[in-house]
2 protein chains.
Amino acid sequence: MTTIKDVAQHAGVSTATVSRVLNGHAAPTPETRTRVLAAVDELGYRPNALARSLRTTSTKTLGLVISDLVNPFFAEIARAVEEEARAHGYCVIVANADESADQQATYVRNLLDRRVDGLLVCPATDDPTWIAEVDANDVPLVLLDRTVEGATCPVVRADGAQALAELAEVLRAAGHRRVGVIAGPADTSTGRERLEQFARGGLDLEVVHGDFRRDSGALAAAELLSRADRPTALVAMDNLMGLGALEELRRRGLKVPDDVGLAVYDDQPWFPLLDPPITVVAQPTVEMGREAARSLLELIAGAQPADVRLTARLVVRGSCGEATGAA
Amino acid sequence: MTTIKDVAQHAGVSTATVSRVLNGHAAPTPETRTRVLAAVDELGYRPNALARSLRTTSTKTLGLVISDLVNPFFAEIARAVEEEARAHGYCVIVANADESADQQATYVRNLLDRRVDGLLVCPATDDPTWIAEVDANDVPLVLLDRTVEGATCPVVRADGAQALAELAEVLRAAGHRRVGVIAGPADTSTGRERLEQFARGGLDLEVVHGDFRRDSGALAAAELLSRADRPTALVAMDNLMGLGALEELRRRGLKVPDDVGLAVYDDQPWFPLLDPPITVVAQPTVEMGREAARSLLELIAGAQPADVRLTARLVVRGSCGEATGAA
DNA sequence: TTGTAAGCGTTATCAT
DNA sequence: ATGATAACGCTTACAA
């Protein structure tokens with residue numbers, strides 16, 4: 001590899017001058033500048049980012065720890081984060097915790113070791129111990145989608161309270177009274193909150209907790225549908241569990257919405273293509289990612305960004321049935 | 001931050017000894033070892049990965065440049081790569097080229113600057129110029145899913161020739177003669193190959209090229225369906241364009257398979273849930289990611305892994321219609 | 001304006 | 001077995 005020394009030699013200047021030119025300092029004369037640039041070009045020189053970072057203690061890199069890369073909800077967030085970061089000259093290292101607190105902790109540590117300038121985390125669970133490590137390193141941190149108890153850093157998330165209230169209303173209007181809820185894990189803030197907010201709708205709820213992944217959705221649906229007093233509708237609290245539930249319904253030959261109504265938290269492009277199209281609570285994923293990145297960048301710049309609370313909205317399609325008119 | 005010096009001081013040894021203990025060298029006595037480890041623990045010391053990498057010229061990091069993160073096909077590959085890499089003590093930096101050759105080149109350069117130990121790339125286009133840069137840095141490279149002209153590095157991909165031949169047969173058996181193909185870009189190897197292989201099926205083909213993304217699928221479908229001699233079936237050469245095509249069919253109120261047949265390259269979990277379920281060519285995404293990572297790791301280890309050619313397979317569901325029995 | 005040299009936090013060589 | 005010390009490639013006082 002060609003180093004700054006080679007360039008200096010080639011241009012007949014010191015390494016300091018090369019560095020100054022490359023970093024846009026005012027000092028160097030136009031003449032030396034062109035000479036150095038020529039040498040850089042000729043040798044195809046590229047600065048070693050490791051050495052530079054070691055010296056400047058800035059990596060221009062953000063760490064993003066998400067709970068599940070194959071969950072399209074997170075994939076979209078990851079993409080938005082990456083875009084926003086790039087627009088500001090930052091690169092993103094994406095780490096996939098796979099909904100495991102252990103793996104998340106491992107990754108946080110790893111990213112800290114690599115001296116990322118900031119950390120964006122969608123916490124796998126409520127366990128806040130890993131945060132201490134981040135704080136100890138004085139690395140800016142922003143929580144995304146989920147929060148953990150006692151977190152003192154900015155949090156970016158979507159508020160689904162209103163949408164879930166409306167959903168309860170829609171279900172009631174369609175004649176549903178007993179509703180089966182495929183809830184997220186009780187040890188995640190989103191798992192708890194969505195359930196609690198939906199519960200305020202006053203429907204008669206049967207709750208089974210899943211783990212935000214596909215299989216658990218199928219399992220939960222199976223359990224709910226096997227109960228003696230079978231619910232007339234199912235609500236899956238994330239898109240993957242919704243997928244699992246749909247698969248289970250299909251296996252059982254149950255028709256939506258006539259045999260059982262269905263609603264899902266998180267919209268997906270293919271939901272409108274189903275027959276009937278699925279009623280959902282849609283989260284502003286792109287904004288969430290963007291805002292999270294923006295907040296982190298602000299934090300890195302020394303500002304004190306406030307929490308961001310976007311709002312999810314209900315999209316009524318056909319999967320919960322029609323309003324019966326009977327109040 | 002606490003450095004190796006602090007630990008050395010705390011343990012009453014030299015930094016060299018600390019380093020030796022931490023790197024599992026044989027030299028240190030059990031006694032000093034425990035003393036050092038104690039100090040490490042007490043101070044919560046973690047080695048600076050940048051400094052270490054600068055010294056050792058190894059980052060234990062793989063760069064993965066994919067064409068589109070929100071494409072579930074690539075998301076799944078990314079996840080598999082990451083898993084395999086982690087199992088071998090490597091971390092992965094995922095870069096999203098967004099199907100842009102420019103952005104891809106930029107990212108490759110960026111990853112090279114960060115001194116990744118190896119590079120995994122799903123080339124956005126056939127343009128091979130960026131490869132020279134990789135070679136100049138002597139960084140191991142493996143191509144994934146797509147290849148580029150004159151590439152001398154290992155390539156990992158899925159072969160769909162057989163599956164596409166079978167698909168042509170299935171379509172013909174269902175009475176289709178004129179088939180509209182929503183092809184990938186002509187400047188990608190997969191775009192060309194899939195088209196060419198399917199063309200061997202001897203059907204009467206109408207071809208429109210898309211860009212492997214959702215909107216282009218809708219546009220292409222719209223164009224094909226507006227033609228005077230409208231094809232009786234559509235084949236979308238990747239899942240995102242398939243999604244777009246489905247949306248367009250829906251907009252036009254066209255029923256599958258009665259009004260128009262449909263098949264898609266790449267399987268998706270939700271395809272079986274549609275009515276009718278979609279006939280697809282399924283690629284072994286997880287294996288592709290795993291094999292690619294494995295090949296790269298081998299390359300890094302100094303071996304000369306051969307190209308990997310997995311095979312895609314046809315999954316017949318209902319969207320192409322029934323065999324008519326008329327040969 | 002430019003060069004010299006120290007230092008970022010490690011690891012590895014060479015003595016001891 | 002351990003300790004100095006140079007070196008990795010860069011940036012930045014400080015001098016000149």
Side-chain angles (χ1 to χ4, degrees), chain A residues 1-37 39-40 43-61 109-110 112-117 136-139, chain B residues 1-37 39-40 43-61 109-110 112-117 136-139:
Chain A
M1 277 306 340
T2 118
T3 78
I4 198 171
K5 253 189 201 157
D6 303 320
V7 178
Q9 210 158 356
H10 200 84
V13 297
S14 73
T15 62
T17 298
V18 176
S19 175
R20 283 191 274 254
V21 168
L22 259 28
N23 292 293
H25 284 224
T29 69
E31 194 216 282
T32 55
R33 186 177 302 274
T34 53
R35 203 143 43 94
V36 167
L37 258 19
V40 166
L43 301 177
Y45 168 71
R46 304 236 82 216
N48 182 324
L50 295 174
R52 176 179 285 185
S53 294
L54 180 59
R55 185 56 232 252
T56 60
T57 64
S58 150
T59 51
K60 288 291 182 184
T61 304
R109 211 164 294 139
N110 191 290
L112 253 22
D113 290 350
R114 286 162 196 275
R115 296 300 188 268
V116 292
D117 291 343
N137 289 54
D138 269 322
V139 172
Chain B
M1 278 302 343
T2 118
T3 77
I4 198 172
K5 255 187 200 158
D6 303 321
V7 178
Q9 210 157 355
H10 199 83
V13 296
S14 73
T15 61
T17 298
V18 176
S19 175
R20 281 191 276 255
V21 169
L22 259 29
N23 291 291
H25 284 224
T29 68
E31 194 215 282
T32 55
R33 186 179 302 275
T34 53
R35 204 143 41 94
V36 167
L37 259 17
V40 166
L43 301 178
Y45 167 72
R46 305 236 79 217
N48 182 323
L50 295 174
R52 175 178 286 186
S53 293
L54 179 60
R55 185 57 234 246
T56 61
T57 67
S58 150
T59 51
K60 288 291 182 182
T61 304
R109 213 164 293 139
N110 191 290
L112 253 21
D113 290 349
R114 287 162 196 274
R115 297 300 189 267
V116 291
D117 291 344
N137 289 54
D138 269 321
V139 171

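What you see is a predicted model; the values in this text were computed from it and never measured. Every chain is numbered from 1 and lettered A, B, ... according to where its sequence line falls, protein lines coming before strand lines. All heavy atoms count here, side chains included; hydrogens, waters and symmetry mates do not.
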Spacing of [X] atom [atom1] and [Y] atom [atom2] [to the nearest 0.5 Å]:
| X | Y | atom1 | atom2 | result |
| --- | --- | --- | --- | --- |
| B:Leu54 | B:Thr59 | CG | OG1 | 11.5 Å |
| A:Lys60 | B:Asp113 | NZ | CG | 14.5 Å |
| B:Asn23 | B:Arg52 | CG | CZ | 5.0 Å |
| A:Leu112 | B:Met1 | CG | CE | 8.0 Å |
| B:Thr32 | B:Leu37 | OG1 | CG | 10.0 Å |
| B:Arg20 | B:Thr15 | CZ | OG1 | 9.0 Å |

Which part of the nucleic acid, if any, lies within reach of A:Thr32 when heavy atoms closer than 4.0 Å are counted: base, sugar-phosphate only, or nothing?
sugar-phosphate

Identify whether any heavy atom of A:Arg115 sits under 4.0 Å from a base atom; if not, whether one sits that close to sugar-phosphate; answer base, sugar-phosphate or nothing.
nothing

Check the phosphate of [N] against [X], side-chain N and O only, distance under 4.0 Å to OP1 or OP2. Yes or no?
| X | N | value |
| --- | --- | --- |
| A:Thr57 | C:dC8 | no |
| B:Thr15 | C:dT10 | no |
| A:Thr17 | C:dT2 | no |

With the side chain counted from C-beta on, respond yes when B:Thr3 and B:Asn48 share a heavy-atom pair under 4.5 Å apart, and no when they do not.
no

Compare all side-chain heavy atoms of B:Arg114 with those of A:Thr61 and state whether any distance is below 4.5 angstrom.
yes

For B:Lys60 and C:dT10, give me the distance from atom NZ to atom P, rounded to whole Å.
18 Å

To the nearest Å, how far apart are B:Asn48 CG and C:dT11 C1'?
13 Å

5'-most by nearest nucleotide on DNA chain C - B:Ala16 or B:Leu50:
B:Leu50

Quick one: on DNA chain D, does B:Ser14 or B:Ala51 contact a more 5' nucleotide (nearest heavy atom)?
B:Ser14

Reading DNA chain D from 5' onward, which residue's closest nucleotide shows up sooner: A:Leu54 or B:Val13?
B:Val13

Hey, is the side chain of B:Arg55 pairing donor to acceptor with the base of C:dT10 inside 3.5 Å?
no

Quick check: any donor-acceptor pair below 3.5 Å linking the side-chain of A:Arg20 to the base of C:dG3?
yes

Contact boundaries of DNA chain D with chain B (under 4.0 Å, heavy atoms), 5' to 3'?
D:dA1 to D:dG9

How large an angle, rounded to 10°, do the end axes of the helix from C:dT1-D:dA16 to C:dT16-D:dA1 enclose when each is built from five base pairs?
40°

Shortest non-hydrogen pair, B:Ala39 vs B:His10, comes out as CB-CD2, 3.7 Å

